[in-house]
Amino acid sequence: MTVNLGEITTLPMFAEARVLAGKSFLEQKQVEWVSVIETPVENFVRQHEFVLSTGIGLAEEDEGLLHFVQDVYESGASALALATGRHVYDIPKKVISFAENKGFVLIEMNWEIRFSDVIHSCMEKINHYQQEELKRSEQIQQRLLEMVLQGGGCSDIARYVAKQVGSPVLIADTLGRVKGESGCTTEHLMQWKHHRESSVTVAHAGNLHPLHKKMEKIVIGNAAGLLMRIQSAGKEQGQMMVFSLTDPDDRESNLLEHASTAAALAFLKDSAIEETEMRLKDDFILSLANGEFVSEERLLSRGKLLGYNLTLPYVCIVGKLENLEDLFSKNQEGFASYQHWFESMIYYVSEEILLAGETINRRILTTIQESKLLIFLETEPGRNDLVNQYLDLLERRVSRLLPGVVLTWGMGQHGDGVIVFPESYSKACVALDLGRKQRGAGSRIDYEDTKINRLLQSLSHDKDVQEVTMSTISPLVDYDEKRNMDLIGTFTAYHLNNGNVSQTARKLNLHRQSLLYRLRKIESLTRLSLMNPDDVFLLDLSIKIWSVGLKDANG
């Protein structure tokens, strides 16, 4: 917080002083300190100092005086006042001309004025100004904090700052979403929307002022301004963009600093509210899926409080993010741990789940537990394509966020009617489980398409079936584990190709003789004939029962 030089020169002791150069810059030059120095200058003068000197030792040396003034100017001082009448009697024209050309304030003072009186009066002026500015700064800080504590948000902060600085202000979260703005035109909002995709020029707004180091000059398209990071506890909460302001003075810098603090508080308050609301919604949806409500009336009432209309038909979709640890190992930049990265990604995925629903104008109830996604999607009778349309859109959005991600889906269709969430959820979980076992990661399967697999899974629980199944295929399983020949996969392909050796060999990319060797090995290990339809049926059924219900249990 500084005083401009114009205010300094209005002090009584400067009544007879003459401003020889830089008079038009008096209001622009800021003074933080007053010092007395004689030659040499070296590094004893700092920026924004008002320098007093007698010019001792330079009386007869015009060039020496010129060099002295040059050194004071180059040090960044705001002004130089020379006391004439003892060591320097007249200030040469070339010295005055140099100062004028550089916009450097050069003042001639009477030798009889004591420097100690000048320093005392100037510092008294500076201290008074600083106290007033400090008081004003505290009032601004208190006003902004009270605004947030009384229920205000980023829009209120943006309006206050815009009014104070006379420039459009925008406050956004870490995803770039506008949380508050004031004075911004449609063009400003469009430029901000394309900010992350645009060519952005960034530079520090200043080199010396500590507040300036927290700001960046930024150019978005043809709009320039200041970008200030909103941080709390070392974590970025959002950003504040002030359009058309690139060189803030001390008052503006302090205002922006306090506004940033208030915005951080607003973000934390909103975050706490959102987290509480999210936990309530998560608990509610899990209770909904598990059928924990004792009455339909209570279910509808609590759902309404959370903003859910449960009288509509919904289809349950359960998804699995299969390969997150692999993705983290390939791209962990900026994250201290997998858990930190995982929490961030899950947050963004949940956002994409909701946004995809908005895109197709459908209500969404969702929660994520670990890497399992639970989604209730609003549907309607006769729209069997709606689920796949939604999942196609969601997978495209999530793939942009997490390139290479593998998603597996199970769906419990809506044919059960309204308010049958537990039944739909149970079916979706069964579909997901069977789909992963039978088709592998990345599959998408509807409960209605799992009839055969459900029958096989039910058979796998019978002890006699288990005994027949394992005695039939155990030799193949053991051999595959030891030799890595995949005899089970070979038989499956052979059976799907109706026993056509040539077609199966092409499908498996094997030489015909190699395939025949494998088929003979299957017969010798199982003691079954691939020419006998009953033996082929027994082997095929055993493999299917094993893969659906016994593979993991006996793995």
Side-chain angles (χ1 to χ4, degrees), residues 1-134 206-209 249-250:
M1 293 177 285
T2 57
V3 178
N4 69 62
L5 200 54
E7 295 179 76
I8 294 292
T9 55
T10 60
L11 293 170
M13 62 190 58
F14 290 101
E16 296 182 7
R18 292 192 304 150
V19 180
L20 303 178
K23 192 171 184 177
S24 60
F25 294 93
L26 287 175
E27 301 300 323
Q28 300 176 26
K29 299 290 184 177
Q30 302 298 310
V31 178
E32 292 181 349
W33 195 256
V34 184
S35 64
V36 178
I37 194 168
E38 308 296 346
T39 187
V41 176
E42 295 183 347
N43 62 345
F44 297 112
V45 177
R46 64 183 181 181
Q47 193 174 27
H48 300 315
E49 278 195 12
F50 179 27
V51 179
L52 309 176
S53 180
T54 64
I56 188 170
L58 303 171
E60 304 298 332
E61 300 179 25
D62 291 350
E63 289 299 323
L65 183 58
L66 177 60
H67 288 312
F68 175 71
V69 175
Q70 288 175 334
D71 289 345
V72 174
Y73 162 74
E74 291 173 358
S75 70
S78 298
L80 170 63
L82 284 170
T84 58
R86 179 69 177 269
H87 301 289
V88 176
Y89 291 93
D90 294 301
I91 300 176
K93 289 183 179 179
K94 60 183 177 181
V95 173
I96 297 173
S97 178
F98 166 81
E100 189 63 43
N101 290 335
K102 296 294 185 179
F104 182 54
V105 178
L106 183 63
I107 301 173
E108 182 183 22
M109 290 178 54
N110 191 310
W111 166 262
E112 295 178 357
I113 299 176
R114 291 186 298 183
F115 282 176
S116 59
D117 293 336
V118 175
I119 293 172
H120 176 76
S121 297
C122 289
M123 292 310 300
E124 191 175 56
K125 182 79 172 178
I126 292 171
N127 289 335
H128 176 73
Y129 177 83
Q130 289 178 338
Q131 289 172 1
E132 289 297 314
E133 282 301 295
L134 182 60
N207 293 322
L208 297 176
H209 198 292
D249 58 26
D250 288 346

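Quick caveat: nothing in here was measured; it's all calculated off a predicted structure.
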Report the distance from atom CG of N4 to atom NZ of K29, rounding to the nearest 0.5 Å. 12.0 Å
Look up atom CG in L106 and atom CG in L20, then write down how far apart they are to the nearest 0.5 Å. 5.0 Å
Measuring only between side-chain heavy atoms, which start at C-beta, is V72 closer than 4.5 Å to F104? yes
Is there a donor-acceptor contact under 3.5 Å linking the side chains of N127 and E124? no
Under the criterion side-chain contact (heavy atoms from CB on, under 4.5 Å), which of I8, T9, L80 is the partner of I107? T9
Residue pairs involving residues 101-120 (criterion salt bridge (Lys or Arg N to Asp or Glu O under 4.0 Å); sequence neighbours excluded): R18-E108, R114-D117
Listing request: all salt bridge (Lys or Arg N to Asp or Glu O under 4.0 Å) pairs with a residue in residues 36-53, at least two apart in sequence or in separate chains. R46-E49
Is the shortest side-chain N to carboxylate O distance from K94 to E63 below 4.0 Å? yes
Taking the side chain as every heavy atom from C-beta outward, state whether V31 and C122 have any pair of such atoms under 4.5 Å apart. no
Short question: side chain of S53, backbone of L82 - any donor-acceptor pair under 3.5 Å? no
Decide side-chain contact (heavy atoms from CB on, under 4.5 Å) for M109 and V118; before the verdict, give the C-alpha distance in whole Å, the side-chain angles of both, and the deciding distance to 0.1 Å. CA-CA 11 Å; M109 290 178 54; V118 175; 3.7 Å; yes
Tell me, do D71 and P40 make a side-chain contact under 4.5 Å, heavy atoms counted? no
When rounded to the nearest 0.5 angstrom, what distance separates NE2 in H120 from CG in L11? 10.5 Å
From OG (S75) to CD1 (I37), nearest 0.5 Å: 8.0 Å
Over 60° means perpendicular and under 30° means parallel, so tell me whether F50 and F14 are parallel, tilted or perpendicular. tilted
Taking atom CG as the centre, does N101 end up with more than 12 heavy-atom neighbours from other residues, nucleotides or ligands that are less than 6.0 angstrom away? yes
Which heavy atom of M123 sits nearest a heavy atom of E32, and at what distance? CE-O, 4.5 Å
To the nearest 0.5 Å, what is the distance between CD1 on I126 and OH on Y129? 11.0 Å
What are the two closest heavy atoms between G6 and E27, and how far apart are they? CA-OE2, 3.6 Å
To the nearest 0.5 Å, atom OG1 of T84 lies from atom CG of D90 at 7.5 Å
Distance-only polar pair, side chains of Q131 and H128, donor-acceptor under 3.5 Å: no
Steps toward side-chain contact (heavy atoms from CB on, under 4.5 Å) verdict (F115, V34): CA-CA 10 Å; F115 282 176; V34 184; over 6 Å; no
